[in-house]
Student: 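Here's a structure for you.
Just so you know, residue 1 is the first one in the sequence shown, and it goes up from there. Only a predicted model underlies this, so the values are computations on that prediction, with no experimental measurement involved.
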Amino acid sequence: MPPNPNPSGPTDTLPQDRVAVTLRAIQMRRIFLLVLSALHALVAAFYPSPPAFICPNSDNLSDALFTWSPYTAVTLLCIIVAAPIRLLAFKHLGANFTFRLAKPKALVKTGLYAHVQHPSYPTHWLVLVSNASLLLRLDGVLGCILPTWLVKSAMGDGVFGPWPVFLLLLDVVGFVGVWIRIKDEEAMLKREFGREWEEYNRKTKRFIPGVF
């Protein structure tokens, strides 16, 4: 489902969007993740002995990432559950769906938005975190092309190795980015819809119906 065109014009006439990203950047990220996902699937299909032309350094791979394990089950379940919710939120936004904050044509209060104010942002963050947990570990598909000494030194011992800590920091940065976008969006909606938005904000929660 493609988005509607992003708003254009002088920056001072557009809603504040401190974490705006370009469509090109989003497309490049999607291509990168699709390539990694395809390679991961190929390696998993032949695991524990993937062909050398696919994975020259298969000794770097972690069993937990390429077999059915609690780790892979949880990460895949998060993607399977969160991704459709985000796409459904896009559908419910309709003409208001843009990647950059834009003045909405109406305050959407139906579908998922009848229950929560921001169904797409937390699900988007969860999909990104799950993809990173499965595809960006150095003992995952990236390990196929990396030297063993680098994988072992960067992964370290358990969750406190340099690379796992780096991925955790990326997750935190992503969460902060989502929070900043939410605050910018809420400020725009309050400015555009006034009492209507305040009443909607009073009756609904941000992420989890009736809870948070």
Student: Where the side chain of His92 meets the backbone of Gly111, is there a donor-acceptor pair that is under 3.5 Å apart?
Tutor: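 Not confirmed, His92 side chain does not pair with Gly111 backbone.
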Student: Looking only at heavy atoms, what is the nearest atom pair of Ala114 and Thr204, with distance?
Tutor: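 Shortest heavy-atom contact: O-CG2, 3.8 Å.
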Student: Could you list all the side chain to side chain donor-acceptor pair (under 3.5 Å) pairs where at least one residue sits in residues 48-66, not counting sequence neighbours?
Tutor: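 As it turns out, the side chain to side chain donor-acceptor pair (under 3.5 Å) pairs with a partner in residues 48-66, which skip direct neighbours, are Tyr47-Asp63, Asn60-Thr148.
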Student: Compare all side-chain heavy atoms of Leu167 with those of Ser133 and state whether any distance is below 4.5 angstrom.
Tutor: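 No, side chains not in contact.
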Student: Scan residues 158-182 for pairs that pass side chain to side chain donor-acceptor pair (under 3.5 Å), counting only residues two or more places apart or in two chains.
Tutor: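 Residue pairs with at least one partner in residues 158-182: Asp17-Arg181, Tyr121-Arg181.
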Student: Using 0.5 Å steps for rounding, measure from the CD1 atom of Ile182 to the CZ atom of Arg206.
Tutor: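 Answer for the CD1-CZ pair, Ile182 versus Arg206, is 7.0 Å.
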Student: How about Leu39 and Cys144: do any of their side-chain heavy atoms sit closer than 4.5 Å?
Tutor: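 No; the side chains remain at least 4.5 Å from each other.
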Student: Minimum heavy-atom separation for Leu138 and Ala154, please, with both atom names.
Tutor: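 That would be CD1-CB, 3.4 Å.
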Student: Once rounded to the nearest 0.5 Å, what's the spacing between atom CD of Glu185 and atom NE2 of His118?
Tutor: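 Those atoms lie 5.5 Å apart.
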Student: Any chance OH of Tyr200 has more than 12 other-residue heavy atoms, nucleotides or ligands included, within less than 6.0 Å?
Tutor: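 Yes, the 6.0 Å shell around OH holds more than 12 heavy atoms from other groups.
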Student: Can you measure from CD1 (Ile26) to CD1 (Ile31) and round to the nearest 0.5 angstrom?
Tutor: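 So the CD1 of Ile26 and the CD1 of Ile31 are separated by 12.5 Å.
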Student: What pairs of donor and acceptor atoms, side-chain ones from residues 73-85 against any protein atom, are under 3.5 angstrom apart with sequence neighbours left out?
Tutor:
unit_1 : atom_1 : unit_2 : atom_2 : d
Thr75  : OG1    : Tyr71  : O      : 3.1
Thr75  : OG1    : Thr72  : O      : 3.0

Student: Please test Leu128 against Arg29 for side chain to side chain contact (heavy atoms under 4.5 Å, CB included), starting from the C-alpha separation and ending with a verdict.
Tutor: CA-CA 10 Å; Leu128 290 180; Arg29 184 185 67 198; 4.2 Å; yes
Student: Can you confirm whether Phe207 is buried at CZ, in the sense that more than 12 heavy atoms of other residues, nucleotides or ligands lie under 6.0 Å from that atom?
Tutor: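 Count over threshold, so yes.
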Student: Do other residues, nucleotides or ligands put more than 12 heavy atoms under 6.0 Å from the CZ atom of Arg24?
Tutor: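 Atom CZ in Arg24 is not crowded, with 12 or fewer foreign heavy atoms closer than 6.0 Å.
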Student: With rounding to the nearest 0.5 Å, note down the distance linking CE in Met188 to CG in Leu101.
Tutor: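 Reported to 0.5 Å precision, the distance equals 5.0 Å.
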Student: Salt bridge or not between Glu198 and Arg195? Use side-chain N to carboxylate O under 4.0 Å.
Tutor: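 Judged by the 4.0 Å cut-off on N to carboxylate O distance, Glu198 and Arg195 do not form a salt bridge.
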Student: Drop me the distance from Ile180's CD1 to Gln16's CD, to the nearest 0.5 angstrom.
Tutor: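 Spacing of CD1 (Ile180) from CD (Gln16) equals 9.5 Å.
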Student: Do Tyr113 and Leu93 come close enough that some side-chain heavy atom pair is under 4.5 Å?
Tutor: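 Yes - at least one pair of side-chain heavy atoms lies under 4.5 Å apart.
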Student: Would you compute the distance between atom NE2 of His40 and atom CG of Leu33 and round it to the nearest 0.5 angstrom?
Tutor: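 Nearest 0.5 Å value for the NE2-CG distance: 13.0 Å.
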Student: Taking the inter-plane angle between the rings of Phe90 and Phe97 on a 0 to 90° scale, is it parallel (under 30°), tilted (30 to 60°) or perpendicular (over 60°)?
Tutor: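 Phe90 vs Phe97 ring planes: parallel.
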Student: If you take all heavy atoms of Lys205 and Val211, which pair is closest and at what distance?
Tutor: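 Looks like CG-N, 3.7 Å.
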